[in-house]
Amino acid sequence: MRVEVDLDRCEGNAICVKLAPQLFQLDENDYSVVQLDPVPPEMEELAAQAIEECPRAALRRA
């Protein structure tokens, strides 16, 4: 599984970082960045939860 961040939609709410800090970090502009690509199988559930809970729908499966 791969996750992409739509930087036009990302507001830096960091919900993804709170849910899966090993997968997501904020960059110097407070945009989400995927740290592991592809997402390891044991973390796919966390990635799916982050995608679902992103308030701006800035995350998507690639």
Query raised in the report: Gln49 and side chain to side chain donor-acceptor pair (under 3.5 Å): which partner among Glu53, Glu52, Glu45?
Result: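 It is Glu53, the one option of Glu53, Glu52, Glu45 that forms the side chain to side chain donor-acceptor pair (under 3.5 Å) with Gln49.
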
**Report entry** For the student: nearest non-hydrogen atoms of Ser32 and Cys10, plus distance
**Finding:**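 That would be N-SG, 3.4 Å.
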
Query raised in the report: Which heavy-atom pair separates Met1 from Ala48 by the least distance, and what is that distance?
Result: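 Nearest pair, atom of Met1 first, then Ala48: CE-N, 4.2 Å.
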
Membership question, hydrophobic clusters at under 4.5 Å side-chain separation (ILVMFWY): are [Y] and [X] in the same one?
X	Y	value
Leu23	Val17	yes
Ile51	Leu36	yes
Val3	Ile15	no
Val34	Tyr31	yes

Query raised in the report: Does CZ in Arg61 sit with more than 12 non-hydrogen atoms of other residues, nucleotides or ligands closer than 6.0 Å?
Result: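 Not buried by this count: 12 neighbours or fewer within 6.0 Å.
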
Requested in this report: Answer yes or no: are there more than 12 heavy-atom neighbours, outside Gln22 itself, under 6.0 Å from its atom CD?
Outcome: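 Atom CD in Gln22 is packed in, count exceeds 12.
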
Query raised in the report: With a 4.5 Å limit on heavy-atom distance, are the side chains of Leu59 and Val5 in contact?
Result: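 Side chain of Leu59 against side chain of Val5, heavy atoms only: contact under 4.5 Å found.
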
Query raised in the report: Would a distance-only check, ignoring hydrogens and angles, find a side-chain to backbone donor-acceptor pair under 3.5 Å from Gln25 to Pro21?
Result: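 Yes, the answer is positive, given that a donor and an acceptor are paired below the 3.5 Å cut-off.
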
Query raised in the report: Backbone N or O of Arg56 within a donor-acceptor pair of the Arg9 side chain at under 3.5 Å?
Result: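 Yes.
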
